[in-house]
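Computed from a predicted model, the values in this text were never measured in an experiment.
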Amino acid sequence: MKQLKRIKGTQDILPEESYKWTALEQAIRRVMLLYNFYELRTPVFEQTELFARGIGQLTDIVSKEMYTFLDRSKKQLTLKPEMTAPIIRAYLENKLYAKTPLNKIYYIAPLFRQENPQAGRLRQFHQFGAETLGSAGSEADVEMIDLALAVYERLGIKNLKLLINSVGDSTCRIPYKKTLQEYIKPNLDKYCADCQRRFHENPIRILDCKNETCIQLNQQAPKISECLCDDCQTHFDQVKLQLRQLNIPFKEDPCLVRGLDYYTRTVFEITSDALGAQNSICGGGRYDLLAEELGGMPTPAVGFAAGIERTLMAAEKQNIQLGQPPRLDVFIVSLGDEAKKHTLFWLKSLRAKGVHAEQDFLGRSVKAQMREANRQNARFVLLLGENELKEKVFSVKIMDQSKQVEISFNDIIDFLVKQIIDN
RNA sequence: GUGGGUGUAGCUCAGUUAUGGUUAGAGCACCAGAUUGUGGCUCUGGGGGUCGUGGGUUCAAGUCCCAUCACCCACCCCA
């Protein structure tokens with residue numbers, strides 16, 4: 001029989017790893033709560049149209065990376081490749097704007113994109129992120145950046161770079177596109193094939209090209225930050241001012257445009273050099289036009305999305321311990337058939353008092369049971385044999401001290417609870 | 001979609017090259033004993049491998065040839 005294997009680009013998160021995920025998620029939830037963001041969970045799949053309209057038909061995500069399929073009633077569905085569009089859909093559908101004028105939302109979710117896997121890139125991957133819906137103010141942008149950095153700060157991840165830019169809004173972006181096209185046009189044939197294609201569809205993304213010659217050609221290109229309309233300029237200046245007031249270091253990157261079409265004004269990216277080729281750990285920005293695009297009322301909004309796997313990789317590289325591998329409090333070692341009949345009762349009693357307790361289930365020798373207790377890093381071993389049964393006591397081995405004492409059946413629970421809670 | 005790399009024990013890897021040759025090795029992990037009711041350290045022993053898969057060359061293939069699959073890394077794009 002052929003062994004079944006997991007899908008390419010997916011991962012099993014094994015018990016020896018999963019506690020790190022739990023710790024990371026707890027840290028995220030803690031910081032989100034401090035900043036007064038609340039969790040919103042959406043389904044793993046949506047109508048395909050949501051993403052086509054939200055993210056933009058021309059993006060790689062929509063044009064070639066989505067897991068799209070027909071269900072039995074021939075509806076076209078897609079496994080969510082990003083979270084912003086679903087959040088906006090849920091916001092509009094549930095009329096959250098009617099409950100309160102400002103909604104601060106966060107999420108932790110699996111996402112799906114059919115890309116070729118490599119380091120820091122999977123087909124099922126996980127993101128955490130946040131969205132502030134309803135505020136057009138620069139304070140919301142700055143809080144968002146501060147929030148993302150606060151999560152990394154709490155985790156202890158260092159050496160991150162914050163890049164920011166403004167991509168303008170509907171007033172200034174169209175004239176800028178023309179200015180940019182006029183700059184590029186004389187040299188268009190020298191640009192790479194991708195950029196030549198982008199020239200008509202989305203010239204702004206030519207600035208983001210990683211091709212060496214394109215980078216050279218772009219050196220003297222007009223920057224969007226030099227062509228902002230007054231409102232966008234004021235907004236961007238405010239963002240920078242407020243970042244400085246919070247002592248948040250940043251670098252202005254005029255070429256930062258981000259891949260999703262819905263961004264307006266502020267965009268930002270957090271990178272880590274601990275990661276390899278996929279060095280972007282977090283990306284976000286303002287998207288004031290998305291809610292309307294999805295058929296809702298105009299809603300100013302700003303958010304970010306951060307990669308959980310990439311965050312874990314960065315933590316790993318910097319030797320940061322996320323959480324503690326669980327340590328067993330008590331292991332019950334039994335000797336003889338009579339003793340075995342009593343261990344489950346004691347286990348249940350200990351667990352009922354909040355003691356992390358285990359016993360042998362394989363009929364192993366005392367020696368092997370002790371080895372197992374040691375392997376699981378147990379703090380106490382309770383030995384139960386014929387002598388103990390007769391005397392109504394446990395031999396209690398305190399593993400760290402290699403010391404052994406006798407405690408009566410009557411006192412054992414209190415003794416252990418006290419020992420364990422005191423430490 | 002394109003390019004490069006790697007597949008040998010549960011894990012990490014030697015062995016593969018101009019040189020094919022007996023029972024395919026190590027470390028870690030696992031099991032047992034030394035200590036017949038006691039972990040970690042030490043010592044002794046043990047179990048475990050269709051050498052990714054299929055075909056070919058040969059007296060003989062982990063090693064040479066062909067095909068194929070899987071995984072990794074990178075480009076592109078993105079978290």
Side-chain angles (χ1 to χ4, degrees), chain A residues 2-3 5-11 14 16 55 58-65 81-84 107-129 148 192-195 197-198 202 205 208-212 214 256-260 268-272 275-284 303-314 328 331-336 339 360 362 364-389 395-404:
Chain A
K2 205 179 115 195
Q3 268 273 304
K5 302 185 67 183
R6 65 176 179 267
I7 306 291
K8 182 192 188 81
T10 64
Q11 270 184 325
L14 303 175
E16 67 209 56
I55 306 172
L58 298 177
T59 61
D60 280 8
I61 293 176
V62 171
S63 62
K64 53 191 192 199
E65 292 174 0
E82 62 106 46
M83 269 303 279
T84 303
Y107 57 85
I108 300 175
L111 301 172
F112 306 86
R113 295 181 198 169
Q114 192 164 359
E115 300 187 88
N116 261 342
Q118 69 187 66
R121 170 189 283 157
L122 293 162
R123 290 186 170 184
Q124 175 176 341
F125 61 106
H126 300 78
Q127 285 185 347
F128 67 93
C192 70
D194 284 330
C195 283
R197 179 176 51 79
R198 290 177 187 133
N202 200 348
R205 286 182 57 198
D208 203 26
C209 188
K210 305 292 191 294
N211 184 301
E212 270 304 324
C214 298
L256 179 64
V257 292
R258 309 212 43 74
L260 287 69
F268 65 93
E269 190 165 305
I270 298 171
T271 62
S272 163
L275 285 183
Q278 310 304 317
N279 66 350
S280 175
I281 205 169
C282 173
F304 76 85
I308 290 188
E309 285 85 354
R310 290 182 188 180
T311 300
L312 289 167
M313 283 169 72
L328 191 59
F331 192 98
I332 302 181
V333 168
S334 60
L335 172 76
D360 171 64
L362 300 176
R364 284 179 278 191
S365 68
V366 171
K367 191 184 183 67
Q369 291 183 62
M370 286 299 297
R371 213 173 15 240
E372 186 60 41
N374 186 61
R375 204 183 345 255
Q376 297 200 39
N377 202 10
R379 298 168 62 179
F380 298 92
V381 166
L382 302 190
L383 284 126
L384 188 63
E386 284 171 26
N387 299 342
E388 285 82 1
L389 280 174
S395 296
V396 179
K397 183 148 190 177
I398 304 160
M399 296 294 272
D400 290 343
Q401 301 169 28
S402 297
K403 227 171 68 183
Q404 194 158 314

Original post:
A/F304 vs A/F128 aromatic rings, parallel, tilted or perpendicular, using cut-offs 30° and 60°?
Top reply: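 Rings of A/F304 and A/F128: perpendicular, as their planes differ by over 60°.
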What is the distance from [atom1] of [X] to [atom2] of [N], rounded to the nearest Å?
| X | N | atom1 | atom2 | answer |
| --- | --- | --- | --- | --- |
| A/K403 | B/U38 | NZ | C1' | 17 Å |
| A/I398 | B/G39 | CD1 | P | 17 Å |
| A/E16 | B/G10 | CD | C1' | 11 Å |
| A/I7 | B/C69 | CD1 | C1' | 15 Å |
| A/Q376 | B/G39 | CD | C1' | 13 Å |
| A/R364 | B/A32 | CZ | P | 8 Å |
| A/M370 | B/U35 | CE | C1' | 13 Å |
| A/H126 | B/C78 | NE2 | C1' | 17 Å |

Could a donor-acceptor pair under 3.5 angstrom be found where the side chain of [X] meets the base of [N]?
| X | N | value |
| --- | --- | --- |
| A/E269 | B/A79 | no |
| A/R121 | B/A79 | no |
| A/R310 | B/C78 | yes |
| A/Q404 | B/U38 | yes |

Pairing check on [N]: which nucleotide meets the Watson-Crick or G-U wobble criteria with it, both distances under 3.5 Å?
| N | answer |
| --- | --- |
| B/U42 | B/A34 |
| B/U63 | none |
| B/C13 | B/G25 |
| B/C75 | B/G1 |
| B/U68 | B/G52 |

Side chain to side chain donor-acceptor pair (under 3.5 Å) partner of A/E309, chosen from A/R121, A/H126, A/Q127: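 Output: one option passes, namely A/H126.
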With respect to the phosphate group of [N], does any side-chain polar atom (N or O) of [X] fall under 4.0 Å of OP1 or OP2?
| X | N | answer |
| --- | --- | --- |
| A/K367 | B/G39 | yes |
| A/K64 | B/G1 | no |
| A/Q118 | B/C73 | no |
| A/R371 | B/C30 | no |
| A/R375 | B/C30 | yes |

Integer angstrom distance from the C1' of B/C13 to that of B/C75:
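B/C13 and B/C75 have their C1' atoms separated by 30 Å.
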Practice item. With P as the reference atom in both, quote the distance from B/U17 to B/G52 in angstrom, rounded to an integer. Key: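 To the nearest whole Å, 15 Å.
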- What's the closest nucleotide to the A/S395 side chain, out of B/G37, B/C31, B/A74?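 Of B/G37, B/C31, B/A74, B/G37 is nearest to the side chain of A/S395.
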Once you apply a heavy-atom cut-off of 4.0 Å, does [X] come out as touching a base, just sugar-phosphate, or nothing?
| X | answer |
| --- | --- |
| A/Q369 | nothing |
| A/G120 | base |
| A/S402 | base |

(message) Can you tell me how far apart CG (A/L383) and CD (A/E388) are? Round to the nearest 0.5 Å.
(response)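 Rounded to the nearest 0.5 Å, the CG-CD separation comes to 6.5 Å.
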